[in-house]
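Remarks on the structure that follows.
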Protein chains: 2
Amino acid sequence: MEATIEKEICVTHTKETCVTAVAAVRDTLYVLNGKWKLPLLLALADGPKRFKEIQRDLQEITPKVLSKELKELELNEFLERKVFATTPVTVTYELTPYSRSLDKVLKELREWGLQHRQRIIKSRKNKVE
Amino acid sequence: MEATIEKEICVTHTKETCVTAVAAVRDTLYVLNGKWKLPLLLALADGPKRFKEIQRDLQEITPKVLSKELKELELNEFLERKVFATTPVTVTYELTPYSRSLDKVLKELREWGLQHRQRIIKSRKNKVE
DNA sequence: GATACTACTATCCTAAAGGATACCGGTATC
DNA sequence: GATACCGGTATCCTTTAGGATAGTAGTATC
C-alpha cells in the first residue's frame, strides 16, 4: 500500500486539508442524497417540466416532498424555476447548464457501483459454495 | 444541451439501463453514506488499528455505532477484521487493497465538492451585494 | 353553482440513523 | 479482592427523512 486513500483524498497529510477534503466529499454526497434527487434530475433531463407533470412522472412522490426537493436542487443551481403569467399561471422547472457538471461525478459513481455489485454478488456465491 | 445527464448516466435511453444506472449510483452513495464511513476509512489509512484505538481517534463515536459501521465496511470488503489469540485477545481492523478502488471516486467527489462550495459562496455574495 | 385542475402548504405520523448510558465476560494489575 | 482495560452488546431516546392526508387560492369548465 503506497498511495493510501488518505494520500488520495487528503493530498497532503496535514489535518486541515484532511478535514476540508472530507467536508468536500460530504458536500457532494449531500447534494445527491435522498430518495428523489437522481430520479428528479433524470426526469428533467429531457426538457423543462411543470410541477404536476413531474409528479406524474415520478408517480409515488408526494407534493410536499417534491416541493422540498425542487427547492434544494434550485438552491444548488441545478435547476431554474420559471413562472409564466398565463391563466392559470404556469410554472416550469428546467435543468441549468451547471447541472451537467455532475456528469463526470455520476459516471464515476455509476461505474464503481456496477463493478461493486458484481464483486459482492460473486463473493457471496463463493461463500455459499 | 447535447449530451444530457440522461445520456451520461444512462448511456442508452432505454428504461432498463436508466433504472440500473440509478441503482448503481445509489449503491455507491449508500456505501459511503453515514456520518462515520469517511472518517473511519481515513482513520485506518495509516495502518491497522484496534477497536478502542479507532474509538479514541474518532473521539465522539460510540461503541455501538463504531461496531455497526465496521461491520458494514467489512461486508463491503473495505476492511478485514483480524483476531489474534493473545491474552487478552487482540482485534485489528485493516483496509483491504480493494478499498483503494474508491480513490478515483473519492477524488471526483472531493473535487466537485470543492468547486461547488466556491460557486455557491460566490453566488450568495453576488445576491447580497 | 358545482366540480376540477394547478401549484403548492400544513399537519400528523412512521421508520431509521445515530447518540447516551449501562452493562457483559474475560484478563491483568495493584 | 478491587479496579481497570478490551471488545464489544443491550436498552432507551432523539432527530431527521419521508409518507399520508387534507386543505388553499385562483381559474376554468360543465
Side-chain angles (χ1 to χ4, degrees), chain A residues 22-23 25-44 47-76 78-95, chain B residues 22-23 25-44 47-76 78-95:
Chain A
V22 170
V25 172
R26 235 204 278 286
D27 282 350
T28 309
L29 292 178
Y30 188 76
V31 155
L32 296 175
N33 220 353
K35 188 172 169 182
W36 297 106
K37 293 277 156 48
L38 261 62
L40 213 36
L41 290 176
L42 282 178
L44 292 175
K49 282 183 184 162
R50 303 172 63 176
F51 191 89
K52 282 279 175 183
E53 209 172 343
I54 302 172
Q55 207 186 331
R56 270 189 296 267
D57 284 3
L58 300 191
Q59 299 205 8
E60 310 213 292
I61 198 169
T62 62
K64 180 190 125 186
V65 174
L66 177 54
S67 171
K68 189 188 144 225
E69 301 275 297
L70 286 171
K71 272 174 194 158
E72 285 178 31
L73 290 174
E74 198 186 354
L75 274 176
N76 282 316
F78 294 155
L79 54 84
E80 207 181 330
R81 182 178 183 269
K82 289 183 181 166
V83 184
F84 299 95
T86 52
T87 51
V89 76
T90 307
V91 181
T92 67
Y93 296 88
E94 189 175 356
L95 290 189
Chain B
V22 170
V25 173
R26 234 204 277 286
D27 282 350
T28 309
L29 293 178
Y30 187 77
V31 155
L32 295 175
N33 220 352
K35 190 172 170 185
W36 297 106
K37 293 276 157 49
L38 261 60
L40 213 35
L41 289 175
L42 283 178
L44 291 175
K49 281 183 185 163
R50 304 173 61 175
F51 191 89
K52 282 281 175 186
E53 210 172 343
I54 301 171
Q55 206 185 334
R56 270 190 296 267
D57 284 2
L58 300 191
Q59 298 204 11
E60 309 213 292
I61 198 167
T62 62
K64 179 189 126 186
V65 174
L66 177 54
S67 171
K68 188 187 144 227
E69 300 274 296
L70 286 172
K71 273 174 194 159
E72 285 178 32
L73 290 175
E74 199 187 351
L75 273 176
N76 282 316
F78 294 155
L79 55 82
E80 207 181 332
R81 183 178 182 269
K82 290 185 181 166
V83 184
F84 299 96
T86 52
T87 51
V89 75
T90 307
V91 180
T92 67
Y93 295 89
E94 188 175 357
L95 290 188

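Sequence lines set the chain letters: A, B, ... in the order given, protein chains first and strands last, and positions in each chain run from 1.
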Side-chain touch A:Pro39/A:Gln59, heavy atoms, less than 4.5 angstrom: no
Taken to the nearest whole Å, CD1/A:Ile61 to C1'/D:dA20 is 14 Å
Remember a base hit wins even if backbone is also touched, and classify B:Glu53 as base, sugar-phosphate or nothing at under 4.0 Å, heavy atoms. nothing
When the distance from CD of B:Glu69 to P of D:dG7 is rounded to whole Å, what number comes out? 18 Å
Given C:dA7, is OP1 or OP2 found less than 4.0 Å from the side-chain N or O atoms of A:Thr90? no
Please state how far atom CD in A:Glu72 lies from atom P in D:dT16, giving the value in whole angstrom units. 14 Å
Would you kindly compare A:Pro88 and A:Glu60 by the position of their nearest DNA chain D nucleotide and give the one closer to the 5′ end? A:Glu60
Between D:dG7 (P) and B:Leu70 (CG): distance, integer Å: 11 Å
Please report the shortest heavy-atom distance between B:Tyr93 and B:Ile54, naming the atom on each side. CD1-CD1, 4.1 Å
To the nearest angstrom, the CZ-P distance between A:Phe51 and D:dG26 comes to 19 Å
OP1, OP2 of D:dG7 versus side-chain N and O of B:Arg56: anything below 4.0 Å? no
B:Leu66 CG to D:dA10 P: how many Å, rounded? 16 Å
Distance check: side-chain N/O of A:Lys52 vs OP1/OP2 of C:dC8, anything under 4.0 Å? no
Nucleotide C:dT6, atom C1' - distance to NZ of A:Lys49 in whole Å: 17 Å
Salt bridge or not for A:Lys37 and A:Glu72, using N-O below 4.0 Å? yes
Taking atom types as they are modelled, is there a donor-acceptor pair under 3.5 Å from the base of D:dG8 to the side chain of B:Lys64? no
Does the side chain of B:Thr62 get closer than 4.0 angstrom to OP1 or OP2 of C:dG18 through an N or O atom? no
Examine the base of D:dG18 for any acceptor or donor lying under 3.5 Å from a partner atom in the side chain of A:Lys68, and report the outcome as yes or no. no
Heavy atoms under 4.0 Å, any strand shown: does B:Gln55 hit a base, just sugar-phosphate, or nothing? nothing
Quick check: closest heavy atoms across A:Phe84 and A:Val89, and the distance to 0.1 Å? O-CG2, 3.1 Å
Name the residue from A:Lys82, A:Arg81, A:Lys49 that meets the side-chain hydrogen bond (donor to acceptor under 3.5 Å, both in side chains) definition with A:Glu94. A:Lys82
May I ask you to evaluate whether A:Ser67 reaches the phosphate of C:dA7, defined as a side-chain N or O under 4.0 Å from OP1 or OP2? no
For B:Arg50 and for B:Lys71, find the nucleotide of DNA chain D with the closest heavy atom, then tell me which residue's nucleotide is more 5'. B:Arg50
Integer-rounded Å distance: D:dG18 P and A:Leu38 CG: 13 Å
Between A:Tyr30 and D:dT16, is there a side-chain N or O to OP1/OP2 distance below 4.0 Å? no
